[in-house]
Novice: 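Just dropping this structure here.
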Amino acid sequence: MWFCPPEMPGVVEGSSVPVADSFFRHRVFFWRPVGVWRYSVRCTKPDCPAKEDEKAFLYRCGYSSTVRPICDINGWYFMLTEVLACDACRKAAKVSQGHSLSRYLSWEANILHQLAPGHRAVFPAVLTPRRGVDKAIIRLMRDRTEGNTMAKVWRQVQESHCEEYLQRKDLYTTLLIQYNQPGKVTRMFSGQFQKPPKMRKLPQPRLLRKAYLISEAENIEDYRTQIMSVFGKVLKYDSTRKICKKLTGEGKGTAEWCTNVANEKQQILMSVMTCEESLEKLKPMADGLVERYRRAGEPAPELMYVDRGCCRQLGVSSVEQMFGEWTNAGMLVRLDIFHWIHRFNRANRTDHHPKYQVFKSALSAAVFAYNKDDVA
């Protein structure tokens with residue numbers, strides 16, 4: 001499916017004049033899943049007359065005249081595709097004006113999703129409405145470390161494009177200089193030298209960001225599966241307001257509390273944002289977590305640490321009400337050590353006392369112990 005141009009000439013042969021087109025050619029990718037792989041693709045139109053027919057598939061009806069430029073790491077290439085049509089929709093459109101002829105381009109998302117994952121991975125780019133971005137650039141944006149922004153990736157791609165363009169331009173001008181050496185009859189051809197084409201403009205960083213979001217949207221089910229397969233025997237239930245204060249844009253002020261449930265390996269099992277920390281708002285989260293354990297056949301956790309709400313002075317605590325099925329199965333609800341140590345602050349007048357740090361350090365040493373394997 002790849003069509004690569006011939007290699008750039010490195011020497012001047014005979015009296016032939018170097019042509020700029022020989023140095024600035026681009027690859028072409030022809031996407032034809034039905035024509036090459038003989039795929040059976042169905043019509044995705046909701047009112048398709050052959051929707052219930054298991055043997056009704058789309059057929060090829062030519063090639064699209066649309067050419068998509070794809071931004072690669074060090075240049076550009078172009079993409080072509082075939083056109084698919086539904087025979088049942090075509091017949092219905094002749095009879096009734098309410099039906100329209102259904103035609104699809106093979107690179108559309110509803111066609112790609114019908115392919116096997118192995119064949120879908122061969123598709124090299126993420127398409128936007130007018131252009132596309134190669135998956136190699138998308139992989140550069142997945143590393144969301146500090147400083148790895150969209151603008152930085154854009155600068156790296158721009159530098160690669162400039163180096164590739166200047167290399168081709170330098171080779172072209174070098175051959176022109178060799179052709180125009182003294183002693184050769186070049187005056188009559190001097191006006192026929194082609195100027196090198198201008199460098200194709202790189203898309204803005206927001207286009208790269210849009211392509212990255214489109215690519216990540218296709219992986220939502222994979223991420224959801226990974227998150228939903230995380231369990232634990234010792235859980236930590238905690239709520240905070242700090243994260244909600246960092247919300248910006250349209251989501252600013254829409255939530256007051258961020259509640260997280262993690263396991264003994266510091267893996268997040270569930271994270272929700274609510275407008276208030278009440279049993280009514282958090283009960284759906286608890287029910288979903290209990291149902292996840294039940295579907296996976298996992299036993300109920302043995303212990304759950306909370307930051308507050310573990311005492312039974314006023315009856316059953318709110319955490320035990322939310323996770324009633326687990327508490328009935330023997331799960332214990334206890335105050336975590338961090339908040340237990342901070343409870344001693346209520347008996348202290350000030351934290352500026354000279355022995356405050358010594359007291360807290362001794363209290364922590366009395367509770368925690370170093371793991372010998374970690375220390376070694």
Novice: If you measure from CD1 on Ile220 to CD on Glu218, what distance do you get to the nearest 0.5 Å?
Specialist: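 Separation between the atoms: 9.5 Å.
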Novice: Contact between Arg27 and Asp72 at the side-chain level, heavy atoms closer than 4.5 Å - yes or no?
Specialist: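 Yes, their side chains come closer than 4.5 Å.
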Novice: Taking side chain as C-beta onward, heavy atoms only, is Glu264 less than 4.5 Å from Lys236?
Specialist: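 The answer is no; the side chains never approach within 4.5 Å.
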Novice: So, Asn260 and Tyr237: side-chain donor and acceptor under 3.5 Å apart, yes or no?
Specialist: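 There is no such pair (donor and acceptor under 3.5 Å, judged by atom type) between the side chains of Asn260 and Tyr237.
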Novice: So, are Glu291 and Arg295 salt-bridged, with charged N and O less than 4.0 Å apart?
Specialist: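 Between Arg295 and Glu291 there is a salt bridge, with a charged N closer than 4.0 Å to a carboxylate O.
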Novice: Please say yes or no: joined through hydrophobic side-chain contacts below 4.5 Å, possibly via intermediate residues, are Val234 and Val290 part of one cluster?
Specialist: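 No; Val290 is not reachable from Val234 via cluster members.
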Novice: With rounding to the nearest 0.5 angstrom, report the SG to CG distance, Cys71 to Leu202.
Specialist: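 These two atoms lie 4.5 Å from each other.
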Novice: Quick check for you: to the nearest 0.5 Å, what is the distance between Lys252 atom NZ and Leu247 atom CG?
Specialist: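 Answer for the NZ-CG pair, Lys252 versus Leu247, is 9.5 Å.
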Novice: Would you indicate whether the side-chain heavy atoms of Lys169 and Phe24 approach each other to under 4.5 Å?
Specialist: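 In contact.
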Novice: Is the shortest side-chain heavy-atom distance between Val83 and Leu105 below 4.5 Å?
Specialist: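 Val83 reaches Leu105 side chain to side chain.
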Novice: Taking the side chain as every heavy atom from C-beta outward, state whether Glu302 and Leu332 have any pair of such atoms under 4.5 Å apart.
Specialist: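 Side-chain contact under 4.5 Å: no.
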Novice: How about Phe123 and Trp107: are their ring centroids closer than 6.0 Å?
Specialist: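 No, the ring of Phe123 stays outside the 6.0 Å limit from the ring of Trp107, centre to centre.
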Novice: Give a yes or no answer on whether the side chain of Arg25 reaches the backbone of Pro5 with a donor-acceptor pair at less than 3.5 Å.
Specialist: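 No; zero donor-acceptor contacts below 3.5 Å.
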Novice: Could you go step by step and tell me if Val126 and Ile137 meet the side chain to side chain contact (heavy atoms under 4.5 Å, CB included) rule?
Specialist: CA-CA 10 Å; Val126 176; Ile137 299 179; over 6 Å; no
Novice: Salt bridge check: are Glu277 and Lys281 linked by an N-O gap of less than 4.0 Å?
Specialist: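 Judged by the 4.0 Å cut-off on N to carboxylate O distance, Glu277 and Lys281 do not form a salt bridge.
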Novice: Kindly say whether Gly324 contributes a backbone atom to a donor-acceptor pair with the side chain of Asn328 at under 3.5 angstrom?
Specialist: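 Present.
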Novice: Between the side chains of Ser239 and Thr259, does any donor sit under 3.5 Å from an acceptor?
Specialist: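 Side-chain D/A pair, Ser239 to Thr259: present.
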Novice: Does the Arg68 side chain pair with the main chain of Pro129, one donor and one acceptor, at a distance under 3.5 Å?
Specialist: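 The answer is yes, because a donor-acceptor pair under 3.5 Å joins these two groups.
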Novice: Identify the heavy atoms of Ala85 and Arg103 that sit nearest to each other, and give their distance.
Specialist: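 Taking Ala85 first and Arg103 second, the nearest heavy atoms are CB-CG, 4.1 Å.
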Novice: Check whether Tyr63 and Trp31 end up in the same hydrophobic cluster, where Ile, Leu, Val, Met, Phe, Trp and Tyr are linked by side-chain heavy atoms less than 4.5 Å apart.
Specialist: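 Cluster IDs for Tyr63 and Trp31 differ.
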Novice: Do the side-chain N and O atoms of Glu280 and Ser278 include a donor-acceptor pair separated by under 3.5 angstrom?
Specialist: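 Their side chains do not contain a donor-acceptor pair, so the 3.5 Å distance test is not met.
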Novice: Please name all residues satisfying salt bridge (Lys or Arg N to Asp or Glu O under 4.0 Å) with Arg139, sequence neighbours left out, ordered by chain then number.
Specialist: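 Arg139 satisfies salt bridge (Lys or Arg N to Asp or Glu O under 4.0 Å) with no other residue.
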Novice: Is there a path of hydrophobic side-chain contacts, each under 4.5 Å between heavy atoms of I, L, V, M, F, W or Y residues, that connects Val319 with Leu289?
Specialist: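 Linked within one cluster.
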Novice: Does this structure show an ion pair linking Lys283 with Asp287, if we count only N-O contacts that are shorter than 4.0 Å?
Specialist: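 Yes, this pair counts.
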Novice: Check for me, please, whether Ile337 and Val261 land in the same ILVMFWY cluster - side-chain distances under 4.5 Å, paths through other members count.
Specialist: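 No, Ile337 and Val261 fall in different hydrophobic clusters.
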Novice: Return the minimal non-hydrogen interatomic distance between Ser318 and Leu279, and the atom names on each side.
Specialist: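 Of all heavy-atom pairs spanning Ser318 and Leu279, the closest is O-CD1, 4.0 Å.
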Novice: Check Val306 against Leu335 and note the closest heavy-atom contact, atom names and distance.
Specialist: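 Smallest interatomic distance, heavy atoms only, reads O-CD1, 3.4 Å.
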Novice: Before giving the answer on side chain to side chain contact (heavy atoms under 4.5 Å, CB included), spell out for Leu58 and Tyr104 the whole-Å C-alpha distance, their side-chain angles and the decisive distance to 0.1 Å.
Specialist: CA-CA 9 Å; Leu58 301 180; Tyr104 305 89; 3.6 Å; yes
Novice: Does the side chain of Asn110 pick up a donor-acceptor pair with the side chain of Thr44 at under 3.5 Å?
Specialist: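 Their side chains do contain a donor-acceptor pair, which is all the 3.5 Å distance test asks for.
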Novice: Is any side-chain heavy atom of Thr327 closer than 4.5 Å to a side-chain heavy atom of Val333?
Specialist: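 The answer is yes; the side chains approach within 4.5 Å.
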Novice: Please evaluate residues Ile138 and Val133 with respect to the criterion side chain to side chain contact (heavy atoms under 4.5 Å, CB included), reporting the C-alpha separation (whole Å), side-chain torsions for both, the decisive distance (0.1 Å), and the verdict.
Specialist: CA-CA 8 Å; Ile138 302 297; Val133 179; 4.1 Å; yes
Novice: Could you tell me which non-hydrogen atom of Thr128 sits nearest to which non-hydrogen atom of Ala211, and how far apart they are?
Specialist: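 Looks like CG2-CB, 4.3 Å.
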Novice: Between Lys45 and Lys51, is the side chain to side chain contact (heavy atoms under 4.5 Å, CB included) condition met? List the steps.
Specialist: CA-CA 8 Å; Lys45 196 174 180 179; Lys51 187 177 182 180; over 6 Å; no
Novice: Hey, what's the ring geometry for His119 with Trp37, parallel, tilted or perpendicular (30° and 60° as the breaks)?
Specialist: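 Judged by the thresholds at 30° and 60°, the geometry between His119 and Trp37 is tilted.
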Novice: Would you compute the distance between atom CZ of Phe323 and atom CE of Met331 and round it to the nearest 0.5 angstrom?
Specialist: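 Here the rounded value is 6.5 Å.
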Novice: Determine whether more than 12 heavy atoms belonging to other residues, nucleotides or ligands lie under 6.0 Å from atom OH of Tyr305.
Specialist: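 Open.
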Novice: Please round to the nearest 0.5 Å and tell me the distance separating atom CD of Glu256 and atom SG of Cys244.
Specialist: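 Spacing of CD (Glu256) from SG (Cys244) equals 7.0 Å.
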Novice: Please check if atom NZ in Lys360 has more than 12 non-hydrogen atoms from other residues, nucleotides or ligands closer than 6.0 Å.
Specialist: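 Yes, NZ of Lys360 has more than 12 neighbouring heavy atoms, counting only those of other groups under 6.0 Å.
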Novice: Quick check: His26 with Tyr77 (ring centres under 6.0 Å apart)?
Specialist: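 Here the rings of His26 and Tyr77 have centres that are no less than 6.0 Å from each other.
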Novice: Would you say the side-chain atoms of Tyr39 and Gln114 include a donor-acceptor pair closer than 3.5 Å?
Specialist: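 Absent: no donor and acceptor within the cut-off.
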Novice: If Ile, Leu, Val, Met, Phe, Trp and Tyr residues are connected whenever their side-chain heavy atoms lie under 4.5 Å apart, and connections chain through other members, are Ile243 and Leu269 in the same group?
Specialist: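 Cluster IDs for Ile243 and Leu269 differ.
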Novice: Please report the shortest heavy-atom distance between Glu216 and Tyr223, naming the atom on each side.
Specialist: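 Closest heavy-atom pair between Glu216 and Tyr223: OE1-OH, 2.7 Å.
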Novice: Measure from the side-chain N and O atoms of Ser22 to the backbone N and O of Pro18, and report whether any donor-acceptor pair falls under 3.5 Å.
Specialist: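 The answer is no, because no donor-acceptor pair under 3.5 Å joins these two groups.
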Novice: So, are Glu54 and Arg42 salt-bridged, with charged N and O less than 4.0 Å apart?
Specialist: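 No, this pair does not count.
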Novice: Is any side-chain heavy atom of Met79 closer than 4.5 Å to one of Val28?
Specialist: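 Sidechains of Met79 and Val28: no contact.
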Novice: Are Leu140 and Lys152 close enough that some pair of their side-chain heavy atoms sits under 4.5 Å apart?
Specialist: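 No - every pair of side-chain heavy atoms lies 4.5 Å or more apart.
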Novice: Do the numbers put Arg168 on top of the ring of Phe23, so that NZ or CZ is under 6.0 Å from the six-membered ring centre and no more than 45° off the axis?
Specialist: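 No; the conditions do not both hold, so Arg168 does not lie above the ring face of Phe23.
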Novice: Which value, rounded to the nearest 0.5 Å, describes the distance between Leu213 atom CG and Arg206 atom CZ?
Specialist: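 The CZ atom of Arg206 is 14.0 Å from CG of Leu213, to the nearest 0.5 Å.
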Novice: Is the gap between the ring centers of Phe3 and Phe29 under 6.0 Å?
Specialist: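 No, the ring centres sit 6.0 Å or more apart.
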Novice: Between Cys43 and Cys86, what is the shortest heavy-atom contact and its length?
Specialist: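 That would be CB-SG, 3.8 Å.
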Novice: Within 45° of the six-membered ring axis of Phe30 and under 6.0 Å from that ring's centre, is NZ or CZ of Arg32 located there?
Specialist: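 That pair qualifies as a cation-pi contact.
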